[in-house]
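Step one of this worksheet: look at the structure below.
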Amino acid sequence: MKKVLVIHGPNLNLLGKREPQIYGKTTLAQINRALENLAKKKKAKLTIRQSNLEGEIVSLIGESKNKYDGLLINPAGYTHTSVAIRDAILASGILTVEVHLSNIYSREEFRQKSLISPVAKGAVLGFGPGSYNLGLAALLDLID
Ligand code: DQA
């Protein structure tokens with residue numbers, strides 16, 4: 001069975017209430033349920049974590065080697081700032097797919113740079129909660 005670590009970065013625990021005009025009304029629990037349904041169909045096992053703490057995310061990724069076949073991550077605000085999360089992905093060597101609800105390239109200039117994309121296998125963005133499902137499907141295909 002394929003094992004995937006899913007990490008939701010800062011403020012994503014507030015989805016549904018947080019800037020719904022940008023991020024929609026779907027909650028994180030609903031996104032996780034959809035991911036679990038897809039994983040079940042594809043015979044994969046998910047470990048899902050949300051953290052507002054950069055160091056905690058770095059530790060989760062650092063410990064991911066040999067435990068998981070892939071990482072699905074929405075680094076949220078850390079996308080644009082975190083050398084440490086980027087380095088953790090490189091250090092662990094884990095196959096990574098980056099996802100975003102919004103299209104970061106159509107938003108403020110400071111969001112238009114991802115420090116994570118260059119070290120991810122690929123990225124899915126702009127499809128709202130659908131980005132997660134597309135990202136997980138792509139990651140599971142890559143693991144095959
Ligand atoms: C986000 C985009 C980021 O710029 C932002 O800081 C988030 C969410 C997205 O999923 O669209 O928190 O990663």
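Residues take their numbers from the sequence shown, with the count starting at 1. Both ligands and their constituent atoms are indexed starting at 1 by order of listing.
- Between the CG atom in L5 and the CD1 atom in I48 there is a gap of 9.5 Å [rounded to 0.5 Å].
- The pair R111-E108 meets the salt-bridge criterion, since a charged nitrogen lies less than 4.0 angstrom from a carboxylate oxygen.
- Here the closest non-hydrogen pair linking D69 and K2 is OD2-CA, 3.3 Å.
- Checked by atom type, the side-chain pair N52/E54 shows no donor-acceptor distance below 3.5 Å.
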List of N/O pairs, ligand 1 versus protein, all under 3.5 Å?
{"from": "ligand 1", "atom 1": "4 (O)", "to": "H80", "atom 2": "NE2", "distance (Å)": "2.7"}
{"from": "ligand 1", "atom 1": "4 (O)", "to": "R111", "atom 2": "NH1", "distance (Å)": "2.9"}
{"from": "ligand 1", "atom 1": "6 (O)", "to": "G77", "atom 2": "N", "distance (Å)": "3.2"}
{"from": "ligand 1", "atom 1": "6 (O)", "to": "R111", "atom 2": "NH1", "distance (Å)": "3.0"}
{"from": "ligand 1", "atom 1": "10 (O)", "to": "N74", "atom 2": "ND2", "distance (Å)": "2.9"}
{"from": "ligand 1", "atom 1": "10 (O)", "to": "L101", "atom 2": "N", "distance (Å)": "2.8"}
{"from": "ligand 1", "atom 1": "11 (O)", "to": "L101", "atom 2": "N", "distance (Å)": "3.3"}
{"from": "ligand 1", "atom 1": "11 (O)", "to": "S102", "atom 2": "N", "distance (Å)": "2.9"}
{"from": "ligand 1", "atom 1": "11 (O)", "to": "S102", "atom 2": "OG", "distance (Å)": "2.6"}
{"from": "ligand 1", "atom 1": "12 (O)", "to": "R18", "atom 2": "NH1", "distance (Å)": "3.1"}
{"from": "ligand 1", "atom 1": "12 (O)", "to": "R18", "atom 2": "NH2", "distance (Å)": "2.9"}
{"from": "ligand 1", "atom 1": "13 (O)", "to": "N74", "atom 2": "OD1", "distance (Å)": "2.9"}
{"from": "ligand 1", "atom 1": "13 (O)", "to": "H100", "atom 2": "ND1", "distance (Å)": "2.8"}

| task | Go through the steps to decide whether I85 and I61 satisfy the test side chain to side chain contact (heavy atoms under 4.5 Å, CB included), and finish with yes or no. | result | CA-CA 8 Å; I85 292 176; I61 297 170; 3.9 Å; yes
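- In this model, no donor atom of one side chain and acceptor atom of the other lie less than 3.5 Å apart for Y105 and H100.
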